[in-house]
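Single-structure report; data block below.
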Amino acid sequence: MRAAPLLLCVLALAGCERRQAWTFQNGSELDEARPPLLVAEVYTGGECGFACQPPGQQVYCEELAGDARGSAPEGLRQGERYCFMGTALDAASEAYAIGCAVGTVGGEPIQVVLSPVEPGRVLRRRCQRPGPMVRFDAGLADGGLDAGPGFDAGPAFDAGPGFDAGFDAGTQIPADAGPAVDYSRPVRVYFEVSGSGTVGVFDSGGSLMGGWLTNGHRLWVDAWVGFYARIEASPGGGQRVQRIGVPHCANASPCEFLFVQTETIPIVFGP
């Protein structure tokens with residue numbers, strides 16, 4: 001099917017009258033329906049990373065419902081390159097498509113094409129991101145909620161005035177010890193299962209992410225620093241949990257932990 005235009009965000013450059021279009025389109029593997037909710041994000045660094053995991057700092061996030069248009073990103077610098085990203089969520093708030101593109105502020109229009117999420121991949125993209133709710137030996141503390149940029153579904157609107165050069169990319173909430181933790185930073189964690197048994201990975205709401213995993217299966221979760229997950233590992237007959245690659249879990253199931261960095265968590269069953 002042909003690509004279908006979805007949304008139009010407008011980047012109003014500071015001190016200029018010029019406006020720059022930022023559009024989203026459904027790719028050829030999707031139908032022409034608009035997503036019930038689209039999370040639009042901008043990251044610094046001028047690169048989007050592998051499969052839309054930008055390594056830079058988030059400087060814009062807005063959740064756009066239906067035909068709503070987003071407010072103009074603030075604080076972007078003319079002539080600099082950013083990663084512009086969109087994640088489409090269905091009526092159950094599950095991500096089913098994602099797209100990203102590197103664009104230069106003040107350059108050509110920015111077009112982001114959405115493609116289906118790869119099998120075995122789970123995306124958690126929201127602008128209101130909770131900080132960690134439990135404390136582990138890693139030193140992360142209960143930070144409450146990271147409010148991030150606001151979101152007003154409201155009616156469709158024009159981009160409005162130009163940039164506010166003083167825009168702060170997101171709230172950094174300090175832990176009880178050590179440096180401040182940037183809970184807006186995206187993190188990717190892989191879960192790999194080997195041996196005879198079944199594994200479920202659940203989010204803080206108790207939802208199973210990506211289905212039940214068995215020998216040779218790999219689950220790929222894109223979320224953010226401080227994202228909560230729980231591993232439940234059930235060994236097959238005559239087997240036991242030999243290893244869960246989270247130090248404080250001591251190979252016990254269930255295992256609760258917070259995303260801190262991009263890593264691989266092995267879950268191994270054996271005699």
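Position 1 is the first residue of the sequence, and the numbers go up from there.
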Any side-chain heavy-atom pair of Leu258 and Tyr228 under 4.5 Å: yes
Verify, without hydrogens or angle tests, whether His248 (side chain) and Glu256 (backbone) share a donor-acceptor contact under 3.5 angstrom. yes
About how many Å separate OG of Ser253 and CZ of Arg230, when rounded to the nearest 0.5 Å? 9.0 Å
Quickly, which of Val199, Val201, Val189 forms a side chain to side chain contact (heavy atoms under 4.5 Å, CB included) with Leu219? Name it, please. Val201
Within this structure, what is the CD-CZ distance for the pair Gln111 and Phe24, rounded to the nearest 0.5 Å? 11.0 Å
To check you understand the geometry: which heavy-atom pair defines the closest contact between Arg77 and Val105, and what is its length? O-CB, 3.5 Å
Quick check: are the SG atoms of Cys100 and Cys83 less than 2.5 Å apart? no
Might you work through the side chain to side chain contact (heavy atoms under 4.5 Å, CB included) test for Val187 and Phe227, ending with a clear yes or no? CA-CA 9 Å; Val187 171; Phe227 182 81; over 6 Å; no
Using 0.5 Å steps for rounding, measure from the OH atom of Tyr43 to the SG atom of Cys61. 6.5 Å
Using the salt bridge (Lys or Arg N to Asp or Glu O under 4.0 Å) criterion, which residues pair with Arg121? Sequence neighbours excluded. Glu118, Asp222
For a quick test of your reading: what N or O donor-acceptor pairs under 3.5 Å do the side chains of residues 259-271 make, sequence neighbours left out?
{"from": "Thr262", "atom 1": "OG1", "to": "Arg188", "atom 2": "N", "distance (Å)": "3.3"}

Under 3.5 Å: donor-acceptor pair, side chain of Glu62, backbone of Cys127: no
If I take atom CG from residue Leu30 and atom CD from residue Gln25, how far apart are they, to the nearest 0.5 angstrom? 11.5 Å
Pair Phe202-Leu208, side chain to side chain contact (heavy atoms under 4.5 Å, CB included): steps then yes or no: CA-CA 4 Å; Phe202 299 83; Leu208 177 66; 3.8 Å; yes
Under the side-chain hydrogen bond (donor to acceptor under 3.5 Å, both in side chains) test, which residues partner Arg218, sequence neighbours left out? Glu192
What is the ring orientation for Tyr190 with Trp220, classed by angle as parallel under 30°, tilted 30 to 60°, or perpendicular over 60°? tilted
For a quick test of reading the model, state the closest non-hydrogen atom pair linking Ala95 to Leu123 and the distance between them. CB-CB, 3.6 Å
Here's a test for you: under side chain to side chain contact (heavy atoms under 4.5 Å, CB included), which of Met85, Arg125, Gln57, Glu41 qualifies with Pro186? Arg125
Locate the shortest heavy-atom distance separating Gly86 from Leu114; write the atom from each residue and the value. O-CD2, 3.5 Å
Heavy atoms, side chains only, cut-off 4.5 Å: are Pro35 and Tyr96 in contact? yes
Please name the pair of heavy atoms, one in Val102 and one in Glu47, separated by the smallest distance, quoted to 0.1 Å. CG2-CA, 3.9 Å
Between Tyr82 and Gly75 the two heavy atoms that sit nearest each other are OH-O, 4.3 Å
Can you tell me how far the CG atom of Leu38 sits from the OG1 atom of Thr87, to the nearest 0.5 Å? 7.0 Å
For Ala229, is there any backbone N or O sitting under 3.5 Å from a side-chain donor or acceptor partner on Asp203? no
Would you indicate whether the side-chain heavy atoms of Glu94 and Arg124 approach each other to under 4.5 Å? yes
Within this structure, what is the SG-CZ distance for the pair Cys48 and Phe84, rounded to the nearest 0.5 Å? 9.0 Å
Measure across Ile98 and Cys52 and return the closest heavy-atom pair with its distance rounded to 0.1 Å. CD1-CB, 3.8 Å
Within the side chain of Asn251, is there an N or O that forms a donor-acceptor pair under 3.5 Å with the backbone of Gln242? yes
